[in-house]
Number of protein chains: 2
Amino acid sequence: MDKSKSTTICDCHPIHNDIIEKVKNVMPNDEKLYDLAELFKVFGDTTRIKILHALSESEMCVCDIAVLLNMKQSAISHQLRVLRQARIVKFRKEGKIVYYSLDDEHIKNIFEQGFSHIEHK
Amino acid sequence: MDKSKSTTICDCHPIHNDIIEKVKNVMPNDEKLYDLAELFKVFGDTTRIKILHALSESEMCVCDIAVLLNMKQSAISHQLRVLRQARIVKFRKEGKIVYYSLDDEHIKNIFEQGFSHIEHK
DNA sequence: TGCACATATGAACAACTATTCATATATATG
DNA sequence: CATATATATGAATAGTTGTTCATATGTGCA
């Protein structure tokens, strides 16, 4: 997994060693950066973004989300699993109906930062 | 592209029509949500996250980034193109060396929000 | 108990993505 | 001008991902 320590893959020579060292010293470990990329990956899909936007307005059941987005129930269910595993949404069961909602207020913030970036262009 | 208006794909029945309507009414248009997903997609890759973290510390040239991450120069160059097209990084040329830096302070914020989400678990 | 409905899930497939290799372009230097 | 170096880019490929289909599980109700 982490071949950066054993083998040299890079095919070019450093130009500013001081900058490379400085940046290397403050770089978080690989696992943390990997987790961060994984988090953003979850946001990086239109269907999931739509689901998250919907849930930021109201708790919703799987069926209603499928109707709202006009998609197959199973497609929604698969995506909700991804969101669940990333701990971005939580759920509660009421009989045979499962209601999903955002797990964390952080999510809304990330969302809004994203929006204000694209607005800004 | 937008089949949601013409064809019905969904295979299940609405349960709470009031909620569906309410959420539908505040939903941004498809294009905006698509752009948002595209933005996060760019953050959703370990290599690009590492590049962005590096650039959040210091302007860097392509070569030095490749050395820092121990990756092929062309791999870095391809990823920098993705970041450039998303207007997340900018660059300046000095002779044959090209220096990249973050285009926007927003980027750091999105980054930090992401970090505080994964820290929180 | 049997049927209808809400949700979940595994397998298959098509579409997309990141890296590599080979090579092109541009600039500095002998 | 010839060479070395920094960067960019097109094509190929391996790996990943989102949706669909078929089906399983679980709950409520007649």
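Each chain gets a letter, A, B and so on, in the order its sequence line appears, and its residues count up from 1.
- Per the geometry, CD1 belonging to A/Ile9 stands 6 Å off P belonging to C/dT20, to the nearest Å.
- Regarding contacts with the backbone of C/dA6, every side-chain N or O of A/Tyr100 stays at 4.0 angstrom or more from both OP1 and OP2.
- When the C1' atom of D/dG15 is taken as reference, atom CG of B/Asp45 falls 13 Å away, rounded to whole Å.
- When the C1' atom of D/dC21 is taken as reference, atom CG of B/Asp11 falls 10 Å away, rounded to whole Å.
- Mapping B/Gln73 and A/Glu38 onto DNA chain D by nearest heavy atom places B/Gln73 closer to the 5' end of the strand.
- For B/Ile97, taking side-chain heavy atoms from C-beta onward, the closest of the listed nucleotides D/dA6, C/dT17, C/dA8 is D/dA6.
- Note that the CG atom of B/Leu55 and the NZ atom of B/Lys90 stand 10.0 Å from one another [nearest 0.5 Å].
- One donor-acceptor pair, N or O on each side, does fall under 3.5 Å between the base of C/dT20 and the side chain of B/His78.
- We find the CE-CG distance between B/Met60 and B/Leu80 to be 10.5 Å, quoted to the nearest 0.5 Å.
- At whole-Å resolution of the value, OH in B/Tyr99 and P in D/dT7 are 8 Å apart.
- Between A/Thr47 and D/dT19 there is a side-chain polar atom (N or O) within less than 4.0 angstrom of OP1 or OP2.
- Considering only the side chain of B/Lys96, D/dA6 comes nearest among C/dT7, C/dT19, D/dA6.
- Straight-line distance from the CG atom of B/Leu83 to the C1' atom of D/dT9: 16 Å, rounded to whole Å.
- Which of C/dA8, D/dT19, C/dA6 sits closest to the side chain of A/Met71 comes down to D/dT19.
- When heavy atoms are screened at a 4.0 angstrom cut-off, A/Ile15 is found touching the sugar-phosphate backbone but no base atom.
- Side-chain contact check for B/Tyr100 and B/Arg92: no donor-acceptor pair (N or O, by modelled atom type) lies under 3.5 Å.
- With C/dA6, D/dT7, C/dT20 as the choices, the nucleotide that has an atom nearest any side-chain atom of B/Val98 turns out to be D/dT7.
- The aromatic rings of A/Phe40 and B/Phe40 lie parallel to each other, their planes meeting at an angle below 30°, with 60° marking the opposite boundary.
- Contacts of B/Glu38 classified as salt bridge (charged side-chain N to carboxylate O under 4.0 Å, His left out), with partners at least two apart in sequence or in another chain: B/Lys41.
- A heavy-atom distance below 4.0 Å to DNA chain D is reached by these residues of residues 52-65 of chain B, ordered by number: B/Cys61, B/Val62, B/Cys63.
- Both A/Ala75 and B/Pro14 sit near DNA chain C, but only B/Pro14 has its closest nucleotide nearer the 5' end.
- Residue A/Thr47 holds its OG1 atom at 6.5 Å from CD1 of A/Ile76, rounded to the nearest 0.5 Å.
- Other residues sharing the hydrophobic cluster of B/Ile97, ordered by chain and number and joined by side-chain separations under 4.5 Å: A/Ile15, B/Tyr99.
- Listed nucleotides: D/dA6, C/dT9, C/dT20. Nearest to the side chain of A/Arg84: C/dT9.
- Computed from coordinates, the A/Leu80 CG to D/dT19 C1' distance equals 14 Å when rounded to whole Å.
- With values rounded to the nearest 0.5 angstrom, B/Cys61 atom SG is found 7.0 Å from A/Ile20 atom CD1.
- Taking the side chain of A/Gln79 as heavy atoms from C-beta on, and the options D/dT19, D/dA22, C/dA18, the nearest nucleotide is D/dT19.
- Taking atom NZ of residue A/Lys93 and atom C1' of nucleotide D/dT27, one finds them 9 Å apart after rounding to whole Å.
- Note: CZ (B/Arg81) to P (C/dA24) measures 17 Å, nearest angstrom.
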